[in-house]
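Single-structure report; data block below.
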Amino acid sequence: MKREFYARIIVLSTLLVACEAPLPQQEACVLPGSGSSSQVAQNQNGNTAQEPRECVLPEPALEAELTVNLSIRDFSAEKEAKLQDAIERMLIVINSEDFKQKVLNHEYQGVKTFVDNKGLSNEEVYQVLLDGAETLNGVVDHEMDLDLTLYYANNSTVGYTYPNTNRVWTNDKFFTTNSLGKVAGNIVHEWTHKLGFEHDFNSTARRNYSVPYAVGNIIQELVDSL
């Protein structure tokens with residue numbers, strides 16, 4: 001039974017990207033305080049080029065203080081920098097009033113609810129996210145415990161995990177080219193599994209309204225629109 005469940009989780013993660021077509025990448029904004037102060041920069045040919053715009057940060061939610069406890073494996077320095085950037089933006093977004101309102105007002109078939117919500121209201125789902133109590137830890141510490149391993153496989157799996165570990169495997173095939181929002185959204189999707197949320201095994205019409213898919217998509221949208 002356990003082996004069957006583990007296999008199910010892997011397939012669920014596979015289906016997350018198997019049905020998605022690549023989206024055009026937009027230029028990421030520059031976070032305030034990142035060290036980019038001038039409005040123009042020299043490109044490789046010596047010509048002046050406009051720097052990326054500075055991010056417009058959302059209003060923080062007063063009750064949101066989620067942090068990250070991060071462990072990583074097999075990331076190069078360059079890819080670790082991208083990961084750290086995505087996580088920094090993800091924290092800004094997940095602790096924002098915009099994120100709170102999108103979770104509280106999420107609808108399925110005209111009703112404010114999530115699919116596969118463990119019987120919780122939208123307000124309760126939001127609180128579970130803020131509590132950060134992974135199923136294996138069971139401690140409300142307002143912290144995302146992320147244990148990420150980068151690997152490469154030439155298939156449609158963007159990432160996967162098992163229910164008996166907080167570790168998540170991220171496929172470099174997608175990580176390298178994905179926007180910061182997609183990276184952040186996939187991390188949060190997998191993390192919600194650690195909080196006990198699941199979704200349909202098959203690619204059903206209702207699956208995108210589950211907590212992992214819907215919350216992951218909210219994160220992607222907000223990060224990429226900073």
> Applying disulfide (SG to SG under 2.5 Å), which residue pairs with at least one partner in residues 51-149 are found, sequence neighbours left out?
Replying inline: C29-C55

> Which is it for N122 and N105 under the side-chain contact (heavy atoms from CB on, under 4.5 Å) test, yes or no, and what are the steps along the way?
Replying inline: CA-CA 7 Å; N122 286 6; N105 293 304; 6.0 Å; no

>> Are F197 and V115 connected into the same hydrophobic cluster when the rule is that any two of I, L, V, M, F, W, Y join if their side-chain heavy atoms are below 4.5 Å apart?
In response: no

> Can you check whether L222's main-chain N or O pairs, donor with acceptor, with S225's side chain at less than 3.5 Å?
Replying inline: yes

> How would you list, by chain and number, every residue that makes a salt bridge (Lys or Arg N to Asp or Glu O under 4.0 Å) with K100, sequence neighbours excluded?
Replying inline: E63

> Is a side-chain N or O of K82 found less than 3.5 angstrom from the main chain of T176, in a donor-acceptor match?
Replying inline: yes

>> Students often mix this up, so state it plainly: with edges at 30° and 60°, are the rings of H189 and H199 parallel, tilted or perpendicular?
In response: tilted

>> For T113, is there any backbone N or O sitting under 3.5 Å from a side-chain donor or acceptor partner on H106?
In response: yes

>> For A28 versus P52, what's the shortest heavy-atom pair and its separation?
In response: O-CB, 3.5 Å

> Any side-chain heavy atom of M90 sitting closer than 4.5 Å to one from V68?
Replying inline: yes

> Would you say the side chain of L70 lies within less than 4.5 Å of the side chain of L148, judging by non-hydrogen atoms?
Replying inline: yes

>> I need the minimum non-hydrogen distance between K173 and T177, along with the two atoms involved.
In response: O-OG1, 3.8 Å

>> If you count every heavy atom of other residues, nucleotides or ligands that lies below 6.0 Å from E123 atom CD, does the total exceed 12?
In response: yes

> So which pairs with a foot in residues 78-101 pass ring pair (Phe, Tyr, Trp, His ring centres under 6.0 Å), sequence neighbours left out?
Replying inline: none

> Less than 4.5 Å apart, any side-chain heavy atom of I92 and any of L31?
Replying inline: yes

>> Taking E59's backbone N and O only, do any of them form a donor-acceptor pair with S96's side chain (distance below 3.5 Å, no angle check)?
In response: no

> Going by atom types only, do W169 and E190 share a side-chain donor-acceptor pair under 3.5 Å?
Replying inline: no

>> If you compare all heavy atoms of Y126 against all heavy atoms of A64, which two are closest, and at what distance to 0.1 Å?
In response: OH-CB, 3.9 Å

>> As an exercise, state the distance from OH of Y152 to CG of D74, rounded to the nearest 0.5 Å.
In response: 15.5 Å

> Among all residues two or more places apart in sequence or in another chain, which pass the salt bridge (Lys or Arg N to Asp or Glu O under 4.0 Å) test with E97?
Replying inline: none

> What are the two closest non-hydrogen atoms of G132 and L195, and how far apart are they?
Replying inline: C-CD2, 4.3 Å

> Sequence neighbours excluded, which residues qualify as side chain to side chain donor-acceptor pair (under 3.5 Å) partners of Q84?
Replying inline: none

>> Using the ring pair (Phe, Tyr, Trp, His ring centres under 6.0 Å) criterion, which residues pair with F75? Sequence neighbours excluded.
In response: F175

>> A side-chain contact here means heavy atoms from C-beta on lying under 4.5 Å apart; do V188 and L129 qualify?
In response: no

> Are V158 and N178 close enough that some pair of their side-chain heavy atoms sits under 4.5 Å apart?
Replying inline: yes

>> Applying side-chain contact (heavy atoms from CB on, under 4.5 Å), can you list everything that pairs with A153, at least two apart in sequence or on another chain?
In response: Y151, N155, N171

>> Tell me which pairs pass salt bridge (charged side-chain N to carboxylate O under 4.0 Å, His left out) where either residue lies in residues 136-153, with sequence neighbours left out.
In response: R73-D147

>> So does K194 get a backbone contact from the side chain of N166, meaning a donor-acceptor N/O pair under 3.5 Å?
In response: no

> Does some side-chain heavy atom of L150 sit less than 4.5 Å from a side-chain heavy atom of E80?
Replying inline: no

> Is there a path of hydrophobic side-chain contacts, each under 4.5 Å between heavy atoms of I, L, V, M, F, W or Y residues, that connects L104 with V215?
Replying inline: yes

> How many angstroms lie between atom CD1 of I187 and atom CD1 of I219, to the nearest 0.5 angstrom?
Replying inline: 10.5 Å

>> Restricting to non-hydrogen atoms, name the atom on L180 and the atom on R89 that form the minimum distance, rounded to 0.1 Å.
In response: CD1-NE, 3.3 Å

> Going by heavy atoms in the side chains, are H142 and T67 under 4.5 Å from each other?
Replying inline: no

>> Going by ring pair (Phe, Tyr, Trp, His ring centres under 6.0 Å), name the residues that satisfy it together with Y108, two or more places apart in sequence or in a different chain.
In response: Y209

> Does the side chain of E221 pick up a donor-acceptor pair with the side chain of N217 at under 3.5 Å?
Replying inline: no

> Who are the side chain to side chain donor-acceptor pair (under 3.5 Å) partners of K118, not counting sequence neighbours?
Replying inline: none

> Taking the side chain as C-beta and beyond, is there a heavy-atom pair between V93 and L226 under 4.5 Å?
Replying inline: yes

> Could you give the distance from CG (N154) to CG (D172), rounded to the nearest 0.5 Å?
Replying inline: 12.0 Å

>> Would you compute the distance between atom CD1 of I94 and atom CE of M144 and round it to the nearest 0.5 angstrom?
In response: 5.0 Å

>> The criterion is side chain to side chain donor-acceptor pair (under 3.5 Å); which residues satisfy it with T135, sequence neighbours excluded?
In response: none

> Charged N to carboxylate O below 4.0 Å: is that the case for D98 and K102?
Replying inline: no

> Between A214 and F114, which heavy-atom pair has the shortest distance, and what is it?
Replying inline: CB-CE2, 3.7 Å

>> Could you work out, with side chain to side chain donor-acceptor pair (under 3.5 Å) as the rule, every residue matching N95, not counting sequence neighbours?
In response: none

> Can you name the one residue among T192, N208, D116, I218 that meets side chain to side chain contact (heavy atoms under 4.5 Å, CB included) with Y213?
Replying inline: N208

